[in-house]
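The first residue of the sequence shown is numbered 1, and numbering continues consecutively from there. Being a predicted model, the structure only gives us computed values, none of them experimental. Just so it is clear, the values below take in all heavy atoms, side chains as well, and ignore hydrogens, waters and symmetry mates.
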Amino acid sequence: MSEKFEKQSEVMTSEVALREASNLLRELAGKGQPGESVKTVLHRLSRKLSGWNPSRIKDVWYADNRVCIRGVELQQLRALARPVVETVRDNDLDELRNRIARLERILETTDPAFHRETIAAYRDLGREMG
């Protein structure tokens, strides 16, 4: 009974790792070009992943249950994906700051006295974001 539970937990752990690896591959691939085929995306990923053969990348991409992810592979994917995710977050934050500044300018040009409280609230929000 105990062996069966351990085996089930190992399978669940490997499924979770496989799903995480598949998601990380998709993050690494990025949005891509319109009309870009999955084959092209997988080829692009093969240039980023040293030591991975194309069939392994494809199996992980599709989260094939026959694949067992090694810890080293998962660490490699995490390390490669981390800068991509941080860049996306930074770009989103910059975009939000620009939108707030644009809204402040619009409100100031229409009627600064009327929109004074709203403008102050936007500026406070901008200071809170850094």
_Contacts of Glu36 that satisfy side-chain contact (heavy atoms from CB on, under 4.5 Å) - sequence neighbours left out_ = Gln33, Thr40, Val41, Arg44
*Can you list every salt bridge (charged side-chain N to carboxylate O under 4.0 Å, His left out) pair that touches residues 49-63, not counting sequence neighbours?*
Arg56-Glu73
*Check side-chain hydrogen bond (donor to acceptor under 3.5 Å, both in side chains) between Asn98 and all other residues, then give those that pass, not counting sequence neighbours.*
none
*Any chance you could measure His43, atom NE2, to Ile57, atom CD1, to the nearest 0.5 Å?*
10.0 Å
*Is a side-chain donor or acceptor of Ser22 paired with a backbone partner of Val60 at a separation under 3.5 angstrom?*
yes
_Where Gln76 and Ser50 come nearest, the two heavy atoms and their spacing_ = NE2-O, 3.5 Å
*Can you name the nearest heavy-atom pair linking Trp61 to Ala29, along with the distance?*
CZ3-CB, 3.9 Å
*Show your reasoning for whether side chain to side chain contact (heavy atoms under 4.5 Å, CB included) applies to Leu18 and Tyr62.*
CA-CA 9 Å; Leu18 180 59; Tyr62 288 112; over 6 Å; no
*Identify the two heavy atoms, one from Ala81 and one from Leu24, that lie closest to each other, and give their separation to 0.1 Å.*
CB-CD2, 3.6 Å
*Do you know which two heavy atoms are closest between Leu28 and Lys48, and how far apart they sit?*
O-NZ, 2.8 Å
*Can you check whether Leu42 reaches Leu25 side chain to side chain, under 4.5 Å on heavy atoms?*
no
*Check side-chain hydrogen bond (donor to acceptor under 3.5 Å, both in side chains) between Arg66 and all other residues, then give those that pass, not counting sequence neighbours.*
Asp64
*For residues Arg70 and Gln75, determine if any side-chain heavy atom of one lies less than 4.5 Å from a side-chain heavy atom of the other.*
no
_Residues that Arg99 engages under salt bridge (Lys or Arg N to Asp or Glu O under 4.0 Å), provided they are two or more places apart_ = none
*What residues, two or more places apart in sequence or in another chain, satisfy side-chain contact (heavy atoms from CB on, under 4.5 Å) together with Leu103?*
Tyr122
*Would you check if Leu77 and Trp52 make a side-chain contact, meaning some heavy-atom pair closer than 4.5 Å?*
yes
